Structure formats: structure tokens, C-alpha cells
Amino acid sequence: MPSKCREDECDLTMRLLSIFMLASASGALAASIDDCPGYTASNVVESDGKLTADLSLAGTACDIYGTDLTELKLLVEYQTNSRLHVKIYDAGLQVYQIQESVLPRPPTQGVLASDATIHFELTEDPFSFSILRTDSDEVLFNTNGTKLVFESQYVYLRTQLPKDPNLYGLGEHSDSFRLSTSNYKRTFWNAESPFIPRNSNLYGSHPNYLEHRGESGSHGVALLNANGMDININTTDSGDQYLEYNILGGVLDFYFLAGPSPSDVSAQYAEVVGLPAMMPYWTFGFQQCKYGWPDVEFEAGVVANYSAANIPLEVLWADIDYMDKRQIFTSDPEKYPLDKMRELVDDLHQRGQKYVMMLDPGVHKLDNYTPYARGMEVDAFIKAADGSPYRGEQWAGEVVWPDWFGSNTQDWWTTEILEFFDPETGLDIDGAWNDMNEVSNFCADINCDPSQKVANRNSLTEQILDSQKSRKLSTTQQGQEGDMKGLPDRDLFNPAYRINNHQGDLSIRTLYTNNTNADGTVQYDTHNIHGLMMITATRNALLSRRPTSRPFVLTRSTFSGAGAKAAHWFGDNASTWADYRATIAQMLAFAAVHALPMVGSDVCGFNGEAEEYMCARWALLGAFQPFYRNHADISAPNQEFYRWDLVTTAARKAVDARYRLLDYIYTAMYRAASTGQPIVSPLFFLYPGDERTFGVDLQWFYGDALLVSPVTDDNATAVTFYLPDDVFYDFWSLEPIQGAGDTVTVDDVAFTDIPVHIRGGTVLPLRSASGNTTALVRQNNFTLVVAPGRDGKASGSLYLDDGDSVDVESNYSDINFIWDGKILKANGTFGYKTDVVVESVKVLGGEEPVTKEGKWSLNEAFEVTV
């Protein structure tokens, strides 16, 4: 970290910085957005399912935050009946565009414009456009009345919105699920974010949103742009609602999604960025981690303590504690010796349990450290502006970072993973955990010298001037026409438009934005996709290690499309009731809007001391989220569930219910992976016409049948929640409850209970009993719970496979259950052969459930009359 300066040095620093900042800001003072001329469309060509046009600057350049580009191109593609692609880009193809290798674009079906459910309307002078529903002419997106600004370091576009719209998404954030529409700003710049601050950019960037308009339907807008940006939602002085993009570069690459149902939008977005990866069955088990466990014997004790407490533990996690001097691909020879680690992993596997280990991106810069030496040999690391490996600071000390664009980086990363995690000689892990990949850099500013060896090499004045020289150096290598790798002559450290990054300047506590990638791009443009590229490389390496098994990667940093590669946890939250509540909205945003289904929080909180009553509530809430892991910081006391009697009781109940529901939620995971349908949903996804559901973000549907309504007030034993106008059944007692489209208050909810209701009209497949591991659960028979709707009918489904194979081929079963009021019919695909049977059918709705027992094979269709 930089040392403190003397008083005279500090004065000189401030004078130099002031001169520089005034010079860089002078352009911004000369104009406002209203002074910008906009563009005029010409050479408009329309063909079947496609429109192209030239866009020319319509007047004198305003150069408000950069240099106006005089010539642009417009491309409109009707890709499917429900997806419209609109792209505005520079005519010279120099502006950075996300590489296809990083985020492949969806294929186009090339439909006719007349067959599409939404269409594009162009205004040529001044250029603007709108997106409308074909059947009703309802306007979904409309830039009329404002002018496009497209500069070297600033892109601006505004769309009109209905008053007080129902907007969701624009993650990652810890704010309410339904976004505020008054003076609200969402910033996109992946950043280290301890305590998940509100109204801030966090670990991931997902510039897509879903808008719901009640009976008229839902639609989605996705922008594929990796540059830093602010999206503002507000009203004009005259009260007109708007949403505007303020972007530090890149192109406007929009995908408009027609819906019309909310779940349709979810599926359509998943088609754009990639369907989610199918998760291994075991990943839905309960998992435990802590930063700060002292040694391998302590970890073994954690496993034993869970067993003694009769709380099933599926996965044990290793944080950076296991590493030798915090170096990845090493183990501490004293606290975590390799032989003892191998013994622990073998014991876990013999009991049907799993082990997942941390892999940070920072590689210790040490000549005799083999991963670093091998990486240097193949040129695997990100370069500073002068062409040398960029040096920063992370857990191991002075580190370098992998350049995921490098031609040899994937092979190097795979080699390190194969060697260290070799089942015969190393650690036979079951999954990998990528943390710190925003990137998080302990260097606080652009004058940091992590080695401290050259701190006094130059005067402070020379360091400041050198930093400006490196800005120029970083841009002269760019700008070849047609390469889409970034414009030349940009200020890569301090662009004139300043996004609201909660860390401050762009390069604070992350990779410097003038660092170059192997393909000629710079971190200014690619910062937000570093985490996505790391999880892609890790996933590829795990596939090389076990080609036929589904890889499991957990990541902190995300970008659009991350769900196709990994699971995500919400980062370093706090052990507070506020963050307990926030996890619900975070889950809904990722699972229902951002196509990232396998998500969850650090149960009981990461930072601070977990309190017993809160932890009991969180143990129950977490059991109804897709990813279920207890994790805490080194500074926090141990918070394993068994440390409190109350939490132990709550956890037993939570895990028992979760494990009986494993195949139900695994089926929902399969739907997400195969169709993009969300694994969990907000209430309005199931009741899109009910306005009272639009703002609910303390309840959710786990799958499509279970409504979860936890107690959310601090230390409370009562909860008021919303029940739509429908029939429901208490999950625990199976008693019917008639919802009336109103709130319901339940008192005396013990800290070991959580209200859960089965939605009428569904068939819920349950394992008849739980088990100590997910492998044991898979041996248990099924009970089918039939919850008739008001029409007396119900339906559901069950997906079965081996739970592990990347390609199950035809060895799967996808079974549909249909209840007509008297007979339950099971039909579908029966390719997965199993000895497990349905041993009970339980029909709800009367004074008592009606149960019929038997042995109905899951290898063929069957009927049950009840």
C-alpha cells in the first residue's frame, strides 16, 4: 500500500491532480446533453425480417464527455416471433463489443416482421425508435423526444415509461425487488462490496430488466454491454417517467423480449445469454463453510459435530485457510498437510459427502512458485501498460492475474487444476469456488506499488506524470478499424463522465483500467466480464478433469450469461435481520430475471456475530432457496447450526423438508436448464393480474407449487403475508386455506417454524423420507401429494436422471401427473430405470387427506384411482 506523503509532497500532489482533473473535465463543462445534435437516419433498407440504416451526426458535435462519433450503423433483426434485436454501433467497427467467445449471441430464426409479436418503428430525423406490441400497438420502449449521444467515452439513450412502472432486475444490487422509480440510480461496475451496501453496485453486472404491466403482460429489455454505466430511473420536471442509459463506452446492443407472461420473459432472456447449466443433484444438499477454521482436524470435527447433532451435511467447503501462505494450488504443510487433507476428502466420499475448495484469481508473483513460473512461460498474465505483467495485491501478497484472453491461459489453468486436484496424488475435490474475481485488488489506487521495492524510485511528481504517460501508452496500441477492440486516445483512468461506483474511481481496489489483454482490448472495456471468463475457464478445466460429470463452480462475480457456467452466492453479507430479508429480493432477481437459478446467501450472515433467533429463522429460510450454505468470516464467531439448541432444532426441520423436496426442486432446475423457466418466482409470475402481488419481495414460490412466507420482522413470532385469491394447503398440516387476495396474519410462529403453502392445482412429488446424504435420499420411495385447485383438478411433474452426467442421453424420465378429480394419471418419458416407486398418493381438500398406498413403478405409465 502507498506510504503517507510529507506535507510538501501532499501539496504538490493536490496541485498536480487538480490541474489534471480540471483539464479532463473542461469538455464536460462546455455543453449539456440538451445541446447535443443527435443523429439522422439515412439509407434505410428494409428486407424480410431485417432493417439497416446509416446514422449521421445531425449537427455540431457537443463532445460532452468525449468525442462524438460522426457515423453510426443501425441493425434491426426479427430473430424470433418474440425477440427483436436492435444494435447501434460505430461505422468503423472500432468501438469495443463483447467478444462472441465470451458471450455467444443467440441464433436467429429470421422471422418476418409481420409474424413477430413486437415490432420496430423508426423516426429518421432526428433519429429515434420505439418498440410496440403488434396486436395492440402498446409502446414498450420509446426514445422519441430525446437525442442519442454516442461518444468515445459516453453513450446516452433515454426511453419513456408509464407512470410508476413495475420494473425488476438491473442487478446486482441489494435493494427492493421492484425497483424504485423516483431518483433511482443503478450502477454497473463489478466491485468488492463487503456488507452488500444498499443503492450501490455490487459484485455483478446484469443490465437487463423485466417490466410488468398487469393484464397487458410483461416484456424484457436486455442490453449486452460490458462497460461501466449508470442507469437512471426518474421523472422529468413535468412528471414524465423515464429510464436512461449513461454508459462509458461500447455499443447499444439491445434484445427486446415480448413475453407476454413474466415467465416467458425469463425464458426468452435465457435464450439470449445462454440457458442455465444443469446442476448436479448433490449441490442441493446442505453445505457448510467458514473462513478461519484453524486446521484440517477442526474441519473433520465440524463434520462429526453435524453428524452427532443429527443435521445432514452434504458438502464441506475450504476457504483460503487451507493454502500455504494464501497461495492457490498449495496446502499449508502444518495446518493442512496434504496427507491429512486427502484422508479428510476420502472419509467424506466414503460417507457420500462432498468437498469444495476455494480458487482465487490472484497468482503469487514468486519465481520459485510453480504456478507463477509456468504461467510466465506461456504468457498467461494480464499486462500493464508498459507490457510487463501487471502487479497488484491479494491474499498471497504481490500477485499477477490470469489473462483469460490469452491463447495459452486456459491450458495453463487446466494444467494447474488437474495437477493439484489429481484424485490419485492431490485433492479429489467435487467442485471449485471462484472468489475475489470482480477483480478485488488490495491496491487502493493507481499509485500503489505492491512490492514496495520501488516506492522511493521516483519522486511523487514523477509517479503522477508516469501514470498519465501510461494512459497514453495504453491507447496507442488500439484503434485498428474493424477490430472492435476499443477506440484510441481515451482517458482510461478518469473518463469525464463519472459513474457512481461505490469504491470511487474505476481502478480503485481492482485491476487498473489501462491494463491490456492479450487480444488488444483493455480492462476499461472488459472489467465486468473478468469473473465470467474465470468461471468459464474453471468450468472447462473441471470438465477436462471429469469429462462425463457435471462441473460445479460457485462464483462471487457475475455478468450476463453467468448462469450457463456457475452458481452464485450473494457475497459478503452481514449477520443482520436486514440482510436476512434482502436475500429474498436478491434471489428473486437472479433466479427470475437474470437466468441464474442456483443462488443463495451466506446463511446466518458472513460479517458480524450471528444471533441465535435470527440464525434459526435463516436456517429455515435458506432451506427454501436453491443454494443452501452456512458461511462466516474469520472475524465472526463460529456459527455452525449445531452451536445453539434452537438453531439445531430449526435446522433439522429445515433440512428434512428440503431433502424430501429434493426431486421437486431438481425438476424445477431441469426446467430452468432446458427451457429457461425460473426455479423460484415472485408471486406476480403466478398471479400476473393481481396488482397486490407486484411489489411483494418477502415471499416467493419455490418451484411453481410452494409459496414460502417466512417471518421477516426482527425477533418476531408473527408474520403478515399475502395470499392470492386461490386455494392453498398448509405444507406442514395439509389443511386447506382459501386465499382471498388479501393479507393473512399468523401468530405464534415458533423460531423453528416457517409458513409454507402448497398452491392449489398442483401435484407435489415428495420423497417419503429424508436421509443423511442426498445419495441416501435417492434410495427412498415417493409420496405424491395432490392439491386440487378450485376446479378440483391438479397437475405436476417429476424429472429423474442419474444426477451427475453431463449428457444423460435417453436415460432420463420426465413424468407428468394429471389429477382429474378421481384418477391420477402418470405419463411421459420413462428412460431412467429405477427401483424406487411411488408408495403413496395423498389427495388433499377434504376434512382429512385421503391416502392410497401401493407400489407404482416409475419406469412406466400408471393410473391411481382415489
Side-chain angles (χ1 to χ4, degrees), residues 17 20-21 24-25 65-66 95-98 102 151-155 187-192 201 203 205 225-230 246-250 361-362 381-394 400-405 437-450 463-464 466-479 485-533 557 559:
L17 288 176
F20 172 72
M21 292 174 68
S24 63
Y65 293 117
V95 173
Y96 173 74
Q97 297 188 33
I98 301 173
V102 177
E151 297 181 344
S152 55
Q153 293 194 258
Y154 181 68
V155 179
T187 298
F188 299 80
W189 189 253
N190 296 356
E192 173 80 60
N201 51 308
Y203 305 101
S205 292
N225 182 302
N227 287 82
M229 71 179 80
D230 290 331
N246 299 267
I247 316 170
L248 295 180
F381 302 122
I382 290 173
K383 298 292 195 300
D386 63 3
S388 66
Y390 168 73
R391 300 171 297 114
E393 185 181 356
Q394 216 172 64
V400 294
W401 278 271
D403 182 347
W404 305 115
F405 290 102
N437 52 344
E438 291 75 32
V439 161
S440 176
N441 182 358
F442 296 161
C443 278
D445 57 44
I446 61 173
N447 293 315
C448 170
D449 183 351
Q463 291 181 39
I464 294 171
D466 283 346
S467 74
Q468 300 202 36
K469 289 177 185 176
S470 38
R471 290 191 191 101
K472 185 174 180 60
L473 178 60
S474 72
T475 61
T476 53
Q477 299 171 2
Q478 293 180 275
K485 293 180 180 178
L487 289 166
D489 302 321
R490 292 179 294 166
D491 185 339
L492 301 179
F493 283 133
N494 293 292
Y497 180 82
R498 183 184 177 93
I499 63 171
N500 195 37
N501 176 21
H502 80 83
Q503 290 283 6
D505 291 341
L506 298 180
S507 294
I508 288 182
R509 295 183 175 86
T510 191
L511 300 181
Y512 294 178
T513 42
N514 71 333
N515 289 344
T516 57
N517 305 312
D519 69 343
T521 56
V522 291
Q523 285 292 311
Y524 177 94
D525 296 313
T526 65
H527 166 87
N528 281 338
I529 59 175
H530 185 96
L532 174 63
M533 297 188 73
S557 180
F559 186 73

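In this text, all values refer to a predicted model and were calculated from it rather than measured experimentally. Along the sequence shown, the residues carry numbers beginning at 1.
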Review point. For Thr510, does its backbone N or O pair with a side-chain atom of Asn441 as donor and acceptor, under 3.5 Å?
Key: yes
Rounded to the nearest 0.5 Å, the CG atom of Asp491 sits from the CG atom of Asp489 at a distance of 11.0 Å
Heavy atoms of Tyr390 and Asn515 approach each other most closely as CG-ND2, 3.2 Å
d(Ser205 OG, Asn528 CG) to nearest 0.5 Å is 3.5 Å
Interatomic distance, CZ@Arg391 vs CH2@Trp401, rounded to 0.5 Å, equals 10.5 Å
Exercise. Would you confirm whether Gln503, through its side chain, and Glu192, through its main-chain N or O, come within 3.5 Å as a donor-acceptor pair?
Key: yes
_Pair Asn227-Phe188, side chain to side chain contact (heavy atoms under 4.5 Å, CB included): steps then yes or no_ = CA-CA 8 Å; Asn227 287 82; Phe188 299 80; over 6 Å; no
Rounded to the nearest 0.5 Å, the CD1 atom of Ile508 sits from the SG atom of Cys448 at a distance of 11.5 Å
Side chain Asn225, main chain Gly249, donor-acceptor under 3.5 Å: yes
- request: With the side chain counted from C-beta on, respond yes when Val439 and Gln394 share a heavy-atom pair under 4.5 Å apart, and no when they do not.
  value: yes
* Check the pair Leu248 / Leu506 against side chain to side chain contact (heavy atoms under 4.5 Å, CB included), numbers first and verdict last. => CA-CA 11 Å; Leu248 295 180; Leu506 298 180; 3.9 Å; yes
_With a 3.5 Å distance limit and no angle check, can you tell me whether Asn517 reaches the backbone of Gly520 through a side-chain donor-acceptor pair?_
no
* Hey, is the main chain of Leu511 close enough, under 3.5 Å, to the side chain of His527 for a donor-acceptor pair? -> no
One should read off an interatomic distance between Asn500 CG and Thr187 OG1, to the nearest 0.5 angstrom, of 4.5 Å
Scanning both residues in full, the closest heavy-atom pair of Ile382 with His530 reads CD1-CE1, 4.0 Å
Here the gap from Thr526 atom OG1 to Leu532 atom CG, rounded to the nearest 0.5 Å, amounts to 11.5 Å
>> When you measure from the side chain of Ser557 to the backbone of Tyr203, do you find a donor-acceptor pair of N or O atoms at a distance under 3.5 Å?
In response: yes
The residue among Asn246, Asp505, Asp230 that forms side chain to side chain donor-acceptor pair (under 3.5 Å) with Arg498 is Asp505
Is there a donor-acceptor contact under 3.5 Å from the side chain of Gln153 to the main chain of Arg490?
no
For Pro402 and Pro361, the nearest pair of non-hydrogen atoms, with its separation, is CD-O, 3.0 Å
Checklist entry - Ser507 side chain to Thr513 main-chain N or O, any donor-acceptor pair under 3.5 Å? => result yes
Looking only at heavy atoms, the pair that brings Ala518 and Asp403 closest together is N-OD2, 2.6 Å
Shortest non-hydrogen pair, Cys443 vs Tyr512, comes out as CB-OH, 4.3 Å
Tightest non-hydrogen contact, residues Gln523 and Trp189, listed as O-CH2, 4.4 Å
